[in-house]
Amino acid sequence: METRGTKPVIFLFTFPLQGHLNPNFQLANILFNRGFSITVIHTEFNSPNSSNFPHFTFVSIPDGLSDSEASNPDVIELLHDLNSKCVAPFDDCLKKLLSEEPTAACVIVDALWYFTDDLTEKFGIPRMVLRTVNLSAFVAFSKFHVLREKGYLSLQESQADSPVPELPYLRMKDLPWFQTEDPRSGDKLKRGVIKSLKSSSGIIFNAIEDLEAEQLDQTLKEFPVPLFCIGPFHRRVTASSSSLLTQDMTCLSWLDKQEPKSVIYASLGSIASMDESEFLEIAWGLRNSNQPFLWVVRPGSIRGTEWIEILPKGFIESIEGKGKIVKWAPQIEVLSHRATGGFLTHCGWNSTIESICEAVPMICKPSFGDQRVNARYISDVWRIGLHLENKIERLEIENCVRALMTSSHGEEMRKRIMPMKETAEQCVKLGGSSDRNLGNLIAYILSF
Ligand code: UDX
């Protein structure tokens with residue numbers, strides 16, 4: 001173990017999914033920059049590239065996932081497997097780390113590690129939790145018991161548009177829903193996460209309280225622990241090097257050749273998948289919009305295919321110069337490029353906050369979990385995007401892209417997202433809400 005000098009030590013237990021690794025490592029960098037020494041605990045599955053972070057100490061734990069478990073398309077089952085298989089390895093790891101660093105300040109765990117409460121209590125070390133969703137989605141998740149009790153989570157199609165009385169901005173179809181074979185599995189996850197959050201020493205959010213003041217009040221009422229909204233994380237540290245896939249940097253030189261705000265960037269994040277027909281409808285919709293597009297098609301994201309081999313013959317030639325398809329992009333740089341004018345997104349919270357920070361309005365195609373809540377906020381509360389709510393069809397994609405990129409409707413969204421971008425910029429500056437909250441978080445950790 002490297003010599004830590006007098007720096008207070010934090011153990012950070014990262015969760016091995018892309019949408020979690022990015023904010024986990026951003027938080028680690030933020031705390032490192034404020035004088036902490038960071039030990040990253042990670043699984044062998046989706047293990048991060050430690051050479052990108054020579055300033056951290058890395059400890060790998062054996063997760064014991066079999067190949068079939070590691071590639072389980074049911075992500076909720078995968079989360080449960082990780083939680084059950086990592087109990088003993090995390091126990092051993094913590095015991096060893098604490099024998100070497102008995103004065104470590106605290107452990108920070110990603111909220112999806114819901115099993116960690118008993119162990120950290122056993123070792124008597126404070127446990128803070130990083131929740132990677134925003135407050136609006138968090139409130140919707142935290143009301144899970146009452147939503148289940150009232151039967152809202154198993155409603156018929158006919159009630160999909162009915163409002164949810166307990167969550168004023170949401171309709172039944174916006175409630176967080178999980179892609180899993182067994183609905184009890186989703187409930188088990190929510191129950192585990194809520195219990196572990198309530199017994200934590202505090203919760204850290206990659207969120208901006210000025211944008212979600214009402215939801216912060218609600219969260220404070222339900223969770224009697226200190227809360228720290230210190231986002232947007234990526235605005236405090238340089239672009240992430242925690243990417244599990246290789247980012248195709250040719251995107252940037254391609255964007256350099258496009259007109260300002262002319263390109264629609266399309267990406268459905270690191271987990272969401274689609275079937276072949278949806279993929280083809282999106283392909284034709286983007287092409288027929290006649291707008292330049294940069295499209296991330298993650299290998300394996302089209303069910304039953306490797307990559308884009310099902311595109312009809314001649315399609316790639318037909319988009320020559322107008323469209324570019326890549327496997328993975330440097331998303332933060334793409335969104336901040338002057339040529340990018342819109343984002344067709346699955347509305348994961350990282351993608352959403354990254355888009356807000358660059359004032360790029362969105363077309364929402366949510367899949368599961370918090371993405372539906374985010375899509376509703378983007379399209380109907382903040383009104384900075386359009387929502388693809390019906391079956392995915394090429395004409396609708398084409399019309400939405402045109403509306404967002406070239407109509408006065410799109411222009412209004414662009415105007416409405418500007419003050420949100422400014423808020424995101426101001427809040428991390430000296431005296432801004434996230435800056436104050438970060439100061440409080442640091443003082444709080446040092447008080448343990
Ligand atoms: C999921 C949930 O949807 C999200 O809300 C939750 O907080 C984390 O898990 P994911 O599907 O990975 O996340 O989406 P998102 O939250 O948007 O995170 C994706 C990350 O990958 C972003 O930080 C984005 O910048 C990055 N990315 C995406 C790339 O670097 N390149 C790409 O081509 C696409």
Side-chain angles (χ1 to χ4, degrees), residues 245-269 272-302 305-347 351 354-355 358-365 384-388 390-411 413-414 417:
L245 296 170
T246 306
Q247 297 177 327
D248 185 336
M249 302 310 274
T250 64
C251 294
L252 302 177
S253 47
W254 184 84
L255 284 170
D256 287 343
K257 296 191 202 104
Q258 310 301 325
E259 294 297 315
K261 303 228 179 300
S262 65
V263 174
I264 176 93
Y265 167 61
S267 168
L268 301 181
S273 59
M274 59 189 139
D275 58 30
E276 291 184 14
S277 80
E278 272 188 317
F279 167 72
L280 290 172
E281 291 303 307
I282 295 175
W284 285 111
L286 288 172
R287 178 191 174 279
N288 296 347
S289 73
N290 215 24
Q291 203 65 33
F293 65 89
L294 173 62
W295 186 12
V296 174
V297 181
R298 201 183 74 248
S301 64
I302 310 155
T305 74
E306 296 246 321
W307 193 42
I308 56 172
E309 62 277 10
I310 58 162
L311 282 174
K313 209 159 168 274
F315 184 90
I316 294 289
E317 293 71 21
S318 78
I319 59 167
E320 182 73 46
K322 198 81 187 182
K324 183 173 171 72
I325 305 179
V326 296
K327 293 182 175 169
W328 198 243
Q331 180 163 301
I332 293 178
E333 289 90 334
V334 166
L335 287 169
S336 64
H337 196 284
R338 58 159 185 79
T340 304
F343 185 12
L344 169 55
T345 172
H346 70 306
C347 307
S351 294
E354 287 161 10
S355 207
E358 303 305 335
V360 175
M362 288 161 263
I363 298 175
C364 308
K365 188 202 169 303
I384 53 172
L386 301 165
H387 198 162
L388 288 168
N390 306 319
K391 189 164 175 281
I392 298 299
E393 278 173 357
R394 62 190 73 185
L395 188 59
E396 199 183 349
I397 304 270
E398 179 188 332
N399 288 340
C400 276
V401 172
R402 288 226 176 93
L404 190 80
M405 305 297 285
T406 58
S407 78
S408 57
H409 193 31
E411 205 39 52
M413 290 177 204
R414 220 172 291 283
I417 202 170

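When side chains are defined from C-beta on, Val326 does not count as touching Trp254, because their heavy atoms never get closer than 4.5 Å. Considering only heavy atoms from C-beta on, Leu294 stays 4.5 Å or farther from Thr340 through its side chain. Looking only at side-chain heavy atoms (C-beta outward), Leu344 and Cys400 stay at 4.5 Å or farther from each other. Ile417 is not listed as a side-chain neighbour of Val360, based on a closest heavy-atom distance of 4.5 Å or more. Annotation: side chain of Ile308 is in contact with side chain of Phe279 (closest heavy-atom distance under 4.5 Å). Between Thr250 and Lys324 there is a side-chain heavy-atom pair separated by less than 4.5 Å.
The nearest pair of heavy atoms linking Phe343 to Leu404 is N-CD2, 4.2 Å. Taking both residues in full, the closest heavy atoms of Ser351 and His346 are given as OG-CE1, 3.6 Å, listed atom of the first, atom of the second, then distance. Of all the heavy atoms in Cys251 and Ala329, the pair that sits closest is SG-CB, 3.9 Å. Nearest heavy-atom pair, Lys261 versus Met405, reported as atom, atom and distance to 0.1 Å: O-CE, 3.7 Å. A pairwise comparison of heavy atoms in Arg298 and Gly269 identifies NH1-O, 2.8 Å as the closest pair.
Taking CG of Leu268 as the reference point, atom CD1 of Ile282 lies at 5.5 Å (rounded to 0.5 Å). Ile397 contributes atom CD1, which lies 13.0 Å from atom CZ of Arg402 (distance to the nearest 0.5 angstrom). Once rounded to the nearest 0.5 Å, the distance linking OG of Ser273 with CD1 of Ile302 reads 10.0 Å. Note: Ser355 OG to Gln331 CD = 8.0 Å, rounded to the nearest 0.5 Å. Separating the CD1 atom in Ile384 from the CZ atom in Arg414 is a distance of 12.0 Å, to the nearest 0.5 Å. Taken to the nearest 0.5 Å, the CG atom of Leu280 stands 13.0 Å off from the CD1 atom of Ile392.
Every residue two or more places apart in sequence or in another chain that forms a side chain to side chain contact (heavy atoms under 4.5 Å, CB included) with Leu252 is listed here: Met249, Leu255, Pro330, Glu333, Val334. With sequence neighbours excluded, no residue forms a salt bridge (charged side-chain N to carboxylate O under 4.0 Å, His left out) with Glu393. Remark: Trp284 engages Phe315 in a ring-ring contact (aromatic ring centres under 6.0 Å, His included) (not counting sequence neighbours). Take Phe293 and apply the ring-ring contact (aromatic ring centres under 6.0 Å, His included) test, not counting sequence neighbours, and it matches no residue.
The salt bridge (Lys or Arg N to Asp or Glu O under 4.0 Å) pairs that include a residue from residues 308-322 number zero, where partners must be two or more places apart or lie in different chains. Here salt bridge (Lys or Arg N to Asp or Glu O under 4.0 Å) pairs that include residues 274-292, with residues two or more places apart or in two chains, are Glu278-Lys365, Glu281-Arg394.
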side-chain contact (heavy atoms from CB on, under 4.5 Å) evaluation trace for Trp328 with Asp248: CA-CA 6 Å; Trp328 198 243; Asp248 185 336; over 6 Å; no
Verdict with reasoning, Cys347 to Met362, per side-chain contact (heavy atoms from CB on, under 4.5 Å): CA-CA 9 Å; Cys347 307; Met362 288 161 263; 5.8 Å; no
side-chain contact (heavy atoms from CB on, under 4.5 Å) between Gln291 and Thr406, worked out: CA-CA 9 Å; Gln291 203 65 33; Thr406 58; 3.7 Å; yes
side-chain contact (heavy atoms from CB on, under 4.5 Å) between Leu386 and His409, worked out: CA-CA 10 Å; Leu386 301 165; His409 193 31; 3.7 Å; yes
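Put simply, the side chain of Ser407 gets close to the backbone of Gly410: a donor and an acceptor are under 3.5 Å apart.
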